[in-house]
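Presented below is the structure to which this report refers.
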Amino acid sequence: MAVRPRRTVLAALVATALAATAACGGGTDSASGKTTLVVKTFSQFGYDGLYQEYEAAHPGITIKEENIGKLGDYLPKLQQWMAAGKGAGDVVALEEGILSQFTAKPDQFVNLLDHGAGELKPNFLEWKWKQASTPDGSKVIGLGTDVGAQGMCYRTDLFAKAGLPTDREAVGALWTTWDDYLATGRRFTDAGTGAKFFDTSGGVYQNILMQQGDHTYYDTSNKLVIDSNPGVRKAWDQTVALVGAGLSANIDQYSPQWNAGFKNGAFATIPCPSWMLGTIEKQSGPENKGKWDVARVPGDGAVRGGSFLAVPGQSTHQAEAAELVEFLTSAKGQTAAFKAKNNFPSSPQAIDDPAVRDFTNAYFNDAPVGRIFGDSAKALKPVYLGPDNTPIGDRVANALTAVEQGKLSPDEAWAKAVDDAKRLVK
Amino acid sequence: MAVTDVRPRPAAAPRPSPVPPPRRGFLAHVDAKWSPYLFIAPFFVIFAIFGLFPLAYTGWVSLHEWDLGGAGAFIGLDNYADLFGDPDFWNAVVNTLGMLVLATVPQLLLAMVLASLLNQKLRGLTFLRMGVVLPIVTSVAAVGIVFSQIFDRDAGMVNGILGLFDVAPVDWRADKWSSWTAIATMVNWRWTGYNALIYLAAMQSVPRELYEAATVDGASKVRQFRSITVPMIRPAVVFTVIVSTIAGMQLFTEPLIFGQGGFAISGGSLRQFQTLSMYMFEKAFREFDYGYGSAVAWMIFLLITLLAVVNFLVARRGN
């Protein structure tokens, strides 16, 4: 083996030092006197066109987006930037799963009400506005971008092969409930196409979970209720039944195998929040154009994911940054982001805008995604997510994977997930 | 002897004053006494800044409740007490030691065989010797990615080959034995050649006469290897064992890349292949429990020290 430096033992500190170094560099004035606004995002926000438009209208402003692909990689960095007081740039994207951590510390962010955001309140779905406000409504730390309206993406070629209907209305009618989805999965599997019915238990579980009332692992007073909230157990049992029927391909989301699975048709359906369509198109590639379609999701509509833009208090160009946030989250900005990357608007005006309502996605067989997601968004009920929602979700997903791998019985896995969550929160 | 004094002669012409002035003598004294320390100082200064200080500081952090917001209450050894009752920590210890054995023992044995082959008179010797060290030039991330594909459950080459023999495909990430095997294979592939090169260098300094004498005595090649080569390169073996142990205790990148998805740091659904370094990273940089993470880091340090001492004692007893 190599003579690796013994110092790796001290990686904790070295890495901290590196992180601090790497975290430098926010919005600084260039020599030309232009103001550079640094926007930190994850995944795909679809803002490129909007930046150009904004720069053209504001000659003194240059916008630089710094994107981190995976939300899982973005979150720890964001937490470090906020705690260190530097590195966060001028605008940061906040995902709803971690929002409650930040609304608990509103002083880290610019109160957008101080920059005239109050007038914009009617531009957002009411619960979306409240999500990024302090409980007393005196501070608003972020303005909503998209909501994770749900659909169910499916492969028409595999459905045809299995003798199932391929028309999106008929497909949607196959699964009014998740039990129907299970029955359809059985039919699909019996046809022996070689593909599995869905990609992984984690995605399906998350979708069902978000349909179970107004809270999940935490109640609204931030008490851990994972083992007493019947909704969590119901989502778990439903998912375990789907896994037990052999419908899962057991491929972790965002792994190389998952990316490859889109290309070679390893799974026939995937619960797809609106923001996932961009990923599906990118991973499936042009050769699979027209093979994917979007139908309604089983059960009641649900929100899964969705983001906000905020201005960190550490920004040196707060007024300019707040103005940019208001531009990007305006009904017009949300409509443009939807057209670019299918991030579904959280602005009622944008949702009803014919440009959104009548929008069809050429890649997905010209599916009327504007209407499908719009109907889903109207049925949305906000779900409260507590502080450690994301790490607890990771642990539950791991327990489900252990069931898929046949390493634990569903009951053992459930006990482990609950135990892990309690140890994490203790 | 012909050469009794190699120092330059004091000079043909005697110095003006045989007794140097006291000031100059003081400087010369300082020079002679302290400049050696000055010359070796850079190493120690850098070591103190980048080695000793972080070591001590990590220890200091581990005695606190320390999160993103900075230092919290001093809690003494509470983090360590928690650690000893933490099943995930002991799981990581077992995983690390297991992979250490799987990745070190076959590696060093193979390296020994490889080195003795390379020590023969072969065609294209330089080419072959260069070839065995090629893997360490490869980026560890590339190794991780390629081997993760080779050991993939659905489309991996290993399962493909097993399929030819009607063996059912293995879900490499699902079990300890299978994930350890896959990860140890990456480590072995990467470092066997490097160790072989060290052994080869040691073998080349073994006097030829010993082999000639042994050949005259009728010893076979295998016997010569066991009775001459191995004992003679013992210091090189001790070195590689210790270095491999240290590196093995810090195993991080290979298992991290082998794991998948957004929560890869957990090393499998049931932490089948989460190493100590991964656990330290998870605690410190995923959950931002710096105090606890530092305690894990210190335990890694103590474990490495313990293993190094054991290695050393075993080696000394052998002498």
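Each chain gets a letter, A, B and so on, in the order the sequences are listed, and its residues count up from 1.
Arg173(B) touches chain A through backbone and side chain together, each having a heavy atom under 4.5 Å away. For Asp154(B), the part sitting under 4.5 Å from any heavy atom of chain A is the side chain, from C-beta outward, and nothing else. Neither the backbone nor the side chain of Leu71(A) has a heavy atom closer than 4.5 Å to any heavy atom of chain B. Using a 4.5 Å cut-off between heavy atoms, Ala413(A) does not touch chain B at all. At a 4.5 Å heavy-atom cutoff, the contact between Pro76(A) and chain B is made by backbone and side-chain atoms alike.
Judged as a ring-ring contact (aromatic ring centres under 6.0 Å, His included), the pairs with a partner in residues 391-426 of chain A (not counting sequence neighbours) are, in order, Trp236(A)-Trp414(A).
Comparing Asp289(B), Asp152(B), Asp171(B) by heavy-atom pairs within less than 4.5 Å of chain A, the highest count is held by Asp152(B). Contacts with chain B were tallied for Asp252(A), Asp394(A), Leu75(A); Asp394(A) has the most, counting heavy-atom pairs under 4.5 Å. Listed options Thr200(A), Asn264(A), Asn250(A), Ile251(A) were ranked by heavy-atom pairs under 4.5 angstrom with chain B; first place goes to Asn250(A). When the candidates Lys416(A), Arg423(A), Gln253(A) are compared by the number of heavy-atom contacts under 4.5 Å with chain B, Arg423(A) comes out ahead.
A side chain to side chain donor-acceptor pair (under 3.5 Å) with Tyr292(B) is found for one member of Asn79(B), Asp82(B), Asp86(B) and no other, namely Asp86(B).
Using a 3.5 Å distance cut-off with no hydrogens or angles, the side chains of Glu404(A) and Ser201(A) do pair a donor with an acceptor.
Between Phe89(B) and Phe84(B) the shortest side-chain heavy-atom distance does not fall below 4.5 Å.
Atom NZ of Lys422(A) has 12 or fewer heavy atoms from other residues, nucleotides or ligands within 6.0 Å.
Checked by atom type and distance alone, the side chain of Asn288(A) pairs as donor or acceptor with a backbone atom of Ser284(A) at under 3.5 Å.
Between Trp60(B) and Tyr57(B), the distance separating the two ring centers is not shorter than 6.0 angstrom.
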